[in-house]
Asker: 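Supplied in structure tokens, the structure appears directly below.
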Amino acid sequence: MQTAWWAVVFLLCAALPASAEDRVREGAYLTVLGDCAACHTPPGGAPFSGGRRIPTPFGTVIAPNLTPDRETGLGAWSEDEFARALRFGRRRDGGFLYPAHPYPYFARFTRAEAGAIHAYLATLAPVHQAARGADLSFPFDLRFLLRFWDALYATPAPPLPDPGHDALWNRGAFIVTGPGHCGACHTAKTWLGGDVAARAWQGGVVAGWVAPALDGDPRTGLGAWSAAEIAAFLATGAAHGQLASGPMAEMVTLSGARMTAADREAIARYLKSLPPPPPSPPPPQPPPAVMAAGAGLYRLRCAPCHGRDGEGTPGLFPRLAGSAVVIAARPDTVLRVIRDGARAAATDAAPTGAAMPGFAATLDRAAIAAIATYIRNSWGNAAPAVAASAVTP
């Protein structure tokens with residue numbers, strides 16, 4: 001499917017004049033950096049045809065159709081209208097787009113880059129997709145209130161290039177803080193859904209998945225990762241004993257694996273420059289009875305794949321000892337994987353992503369919480385205990 005998509009782009013570009021061909025090719029690659037397909041391609045649907053439901057803490061947003069259909073897509077949009085929507089979150093009529101569209105990050109795109117993306121999207125086959133809009137709770141469904149949200153959170157990013165760093169670092173800073181919109185997941189949010197600037201890159205939670213810290217913390221962030229491991233993880237979804245799952249697996253498949261090696265290296269360079277946060281006090285020890293129950297369940301259910309000491313199997317089953325996701329402040333990903341299972345990223349380099357079955361049908365909430373508490377506090381791990389009430393049905 002990936003190969004066929006790029007083949008269509010190549011054939012379309014071959015029929016265009018050289019300057020237009022370059023512009024379309026640039027736009028296609030910029031949609032890769034922006035991971036646009038992840039939100040705008042519905043499961044089993046045409047690329048960029050919209051209709052995918054995006055869960056938020058305030059309700060559901062439906063990703064719009066980006067194909068050149070004149071009624072339901074971008075066919076009637078001018079390049080200027082598209083650039084304004086992409087970079088500044090404005091609709092054709094001047095109204096506000098919901099910030100599920102990461103325009104505070106996409107503001108880093110230049111006007112020319114926005115035009116290149118528009119040129120590429122115009123080459124796609126039109127798809128009529130009527131699904132659009134949002135289903136948000138009151139008062140978050142009142143678009144005019146977004147004027148105040150923008151004043152609080154849609155602040156201009158620091159200018160680039162930064163003369164204090166080399167070209168590779170600046171390229172990584174552009175991708176991470178711009179089209180890659182990494183902070184949209186990996187930075188904690190206020191109750192209004194804006195980034196908490198003081199906790200930038202210290203991790204967040206998105207749709208029930210923990211997005212771990214990207215800062216220099218050696219336990220919960222990337223401090224113990226090498227730049228080469230970060231680049232390899234973006235390319236394959238597997239490195240440093242970890243496997244991408246959930247939204248990150250999708251990002252690897254649709255974006256990271258399709259980037260150039262130079263851009264993955266640039267991202268790694270920038271991320272390795274992020275400092276660790278101030279140290280925090282250790283969490284209290286979990287109840288011994290819960291640890292004992294979790295140990296027995298772990299040995300029976302988990303150790304055959306993840307090892308008795310949480311060492312995992314490289315490239316197949318992730319390491320649990322020292323895992324930033326496992327010891328994150330919130331146990332959302334751990335609970336979700338134990339309950340529902342997960343599948344790792346599938347890329348051209350690793351076309352079959354490893355999978356884990358869920359245990360919701362065979363373990364009750366107390367048992368799932370006990371396993372989570374045990375793996376979060378064994379083999380050198382230390383994290384808050386998990387209550388059975390935290391396990392959703």
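Note: hydrogens, waters and symmetry copies are ignored here, and every other heavy atom, side chains too, is used.
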Asker: So does Arg269 pair up with Glu265, basic N to acidic O under 4.0 Å?
Answerer: no

Asker: Going by the angle between their ring planes, with limits at 30° and 60°, are Phe82 and His118 parallel, tilted or perpendicular?
Answerer: tilted

Asker: Please set out all donor-acceptor pairs under 3.5 angstrom arising from side-chain atoms of residues 172-188, sequence neighbours excluded.
Answerer:
residue: Thr177; atom: OG1; partner: Arg108; partner atom: NE; Å: 2.8
residue: Thr177; atom: OG1; partner: Ala173; partner atom: O; Å: 2.5
residue: His181; atom: ND1; partner: Pro179; partner atom: O; Å: 2.8
residue: His186; atom: ND1; partner: Pro212; partner atom: O; Å: 2.6
residue: Thr187; atom: OG1; partner: Trp201; partner atom: N; Å: 3.0

Asker: State which residues pass salt bridge (charged side-chain N to carboxylate O under 4.0 Å, His left out) with Glu71; sequence neighbours excluded, sorted by chain then number.
Answerer: none

Asker: Name the atoms and distances for all side-chain donor-acceptor pairs under 3.5 Å in residues 281-300, with sequence neighbours left out.
Answerer:
residue: Tyr298; atom: OH; partner: Gly307; partner atom: O; Å: 2.5

Asker: More than 12 non-hydrogen atoms from neighbouring residues, nucleotides or ligands closer than 6.0 Å to CZ on Arg92, yes or no?
Answerer: yes

Asker: Taking only residues two or more places apart in sequence or in another chain, which ones pass salt bridge (charged side-chain N to carboxylate O under 4.0 Å, His left out) with Arg91?
Answerer: Asp93

Asker: Any salt bridge linking Asp150 with Arg147? Criterion: basic side-chain nitrogen under 4.0 Å from a carboxylate oxygen.
Answerer: no

Asker: Any Lys/Arg nitrogen of Asp332 or Arg330 sitting under 4.0 Å from an Asp/Glu carboxylate oxygen of the other?
Answerer: yes

Asker: Can you list the residues that meet the salt bridge (charged side-chain N to carboxylate O under 4.0 Å, His left out) rule with Arg52, with sequence neighbours excluded?
Answerer: Glu250

Asker: Which residues satisfy the salt bridge (charged side-chain N to carboxylate O under 4.0 Å, His left out) test with Lys272, sequence neighbours excluded?
Answerer: none

Asker: Can you confirm whether more than 12 heavy atoms, excluding those of Arg301, are under 6.0 Å from its CZ atom?
Answerer: yes

Asker: More than 12 non-hydrogen atoms from neighbouring residues, nucleotides or ligands closer than 6.0 Å to CZ on Arg308, yes or no?
Answerer: no

Asker: Decide salt bridge (charged side-chain N to carboxylate O under 4.0 Å, His left out) for Glu79 and Arg111; before the verdict, give the C-alpha distance in whole Å, the side-chain angles of both, and the deciding distance to 0.1 Å.
Answerer: CA-CA 10 Å; Glu79 187 175 298; Arg111 173 62 180 79; 3.0 Å; yes

Asker: Spell out, as yes or no, whether a donor-acceptor pair under 3.5 Å connects the side chain of Gln242 to the backbone of Arg319.
Answerer: yes

Asker: Using the side chain to side chain contact (heavy atoms under 4.5 Å, CB included) rule, take Thr392 and Arg339 through it: C-alpha gap first, then chi angles, then the decisive distance, then the call.
Answerer: CA-CA 9 Å; Thr392 58; Arg339 184 190 67 207; 2.2 Å; yes

Asker: Side-chain contact, heavy-atom cut-off 4.5 Å: Leu274 with Leu222?
Answerer: no

